[in-house]
Number of protein chains: 2
Amino acid sequence: MEKKVMSMGTVRELTGLTARQIRYYEQRQLIFPLRTPGGMRRYSFSDVERIKTIHQKLQDGFQTVELRKMGQL
Amino acid sequence: MEKKVMSMGTVRELTGLTARQIRYYEQRQLIFPLRTPGGMRRYSFSDVERIKTIHQKLQDGFQTVELRKMGQL
DNA sequence: CGTGTAAGGAATTCTGACACG
DNA sequence: CGTGTAAGGAATTCTGACACG
């Protein structure tokens with residue numbers, strides 16, 4: 001499940017989040033999608049799970065900086 | 001591995017085949033990718049394996065019609 | 001039969017910015 | 001801080017067709 005194979009659209013479907021949210025988590029150094037030669041992001045199933053957890057934590061009141069420090073998620 | 005999550009580009013990478021070949025196998029009823037509302041194809045890891053097998057069989061001299069009859073691959 | 005390619009269009013994604021609170 | 005949105009461009013994919021052998 002580590003293979004980075006899905007594009008933004010699929011991740012949006014699987015997580016229920018918006019592209020904006022997903023990209024923001026990356027900007028905050030919480031996820032690290034791969035890039036195709038053309039610049040497109042590629043995510044793994046693990047990334048999807050991580051994104052869900054991140055969003056959940058944010059709902060619980062945490063901030064992205066804290067989540068980054070926590071490391072695991 | 002049944003989830004249809006990857007687009008053509010990823011499948012091309014994982015199989016080493018061209019989009020033309022992959023679409024042809026679909027036209028021959030050997031694989032059945034999902035379609036996004038916008039008409040884009042989505043494949044699963046199982047599809048990728050199946051595509052590899054199909055190509056191998058073709059190399060072995062089989063024809064798509066025969067492969068379809070065989071069913072399993 | 002299985003695959004290559006040029007052609008034109010449509011869907012998808014990307015970045016940087018302005019906005020809100 | 002986390003997210004929405006309009007803007008313009010670039011990458012990706014789609015289909016139908018002509019070609020070859």
Between B/Ser7 and C/dT12, is there a side-chain N or O to OP1/OP2 distance below 4.0 Å? no
Do the side-chain N or O atoms of A/Arg20 get closer than 4.0 angstrom to the phosphate oxygens (OP1, OP2) of D/dT5? no
Roughly, in whole Å, what's the span from CD1 in A/Ile22 to P in D/dT5? 15 Å
Categorize A/Arg23 for me: base, sugar-phosphate, or nothing, with a 4.0 angstrom heavy-atom threshold over every strand shown. base
Taking OP1 and OP2 of C/dT12, is either one under 4.0 Å from a side-chain nitrogen or oxygen of B/Thr36? yes
Can you tell me how far apart CD1 (B/Ile31) and OG (B/Ser46) are? Round to the nearest 0.5 Å. 12.5 Å
Partner lookup for D/dC20, please. Criteria are Watson-Crick or G-U wobble with both distances under 3.5 angstrom; report none if nothing qualifies. C/dG2
How many whole angstroms separate atom CD of A/Gln56 from atom P of D/dG2? 15 Å
Indicate whether OP1 or OP2 belonging to D/dG2 is found under 4.0 Å from a side-chain N or O atom of A/Tyr24. yes
Please state how far atom CD in B/Glu13 lies from atom C1' in D/dA11, giving the value in whole angstrom units. 14 Å
Selected nucleotide, minimal atom distance to B/Met8 side chain, candidates C/dT13, D/dC14, C/dC14: D/dC14
Please determine, for C/dA7, whether a Watson-Crick or G-U wobble partner exists with both distances under 3.5 Å, and give it or none. D/dT15
Using OP1 and OP2 only, check whether a side-chain N or O of A/Tyr25 sits under 4.0 Å from D/dG2. no
Let's see if you can work this out: which of C/dT12, D/dT15, D/dA17 has an atom nearest to the side-chain heavy atoms of B/Met40? C/dT12
In whole angstroms, the gap separating C1' of D/dG2 from CZ of A/Phe62 amounts to 16 Å
Does any part of the side chain of A/Thr10, heavy atoms only, come nearer than 4.5 Å to the side chain of B/Arg42, both counted from C-beta? yes
Would you mind reporting whether A/Arg41 and A/Phe32 have side-chain heavy atoms less than 4.5 Å apart? no
Between C/dT13 and A/Arg42, is there an OP1 or OP2 to side-chain N/O distance shorter than 4.0 Å? no
Rounded to whole Å, how long is the line connecting atom OH of B/Tyr43 with atom C1' of D/dC14? 11 Å
If you count every heavy atom of other residues, nucleotides or ligands that lies below 6.0 Å from B/Lys3 atom NZ, does the total exceed 12? no
Quick one: A/Glu26 CD to C/dG16 P, roughly how many Å, whole number? 12 Å
When you get a sec, tell me which of D/dT3, C/dT3, C/dC14 is the closest nucleotide to the side chain of A/Gln21? D/dT3
Out of D/dT13, C/dG4, C/dG2, which nucleotide sits closest to the side chain of B/Thr18? C/dG4
Under the side-chain hydrogen bond (donor to acceptor under 3.5 Å, both in side chains) test against A/Thr64, which residue among A/Gln29, A/Lys57, A/Arg28 passes? A/Arg28
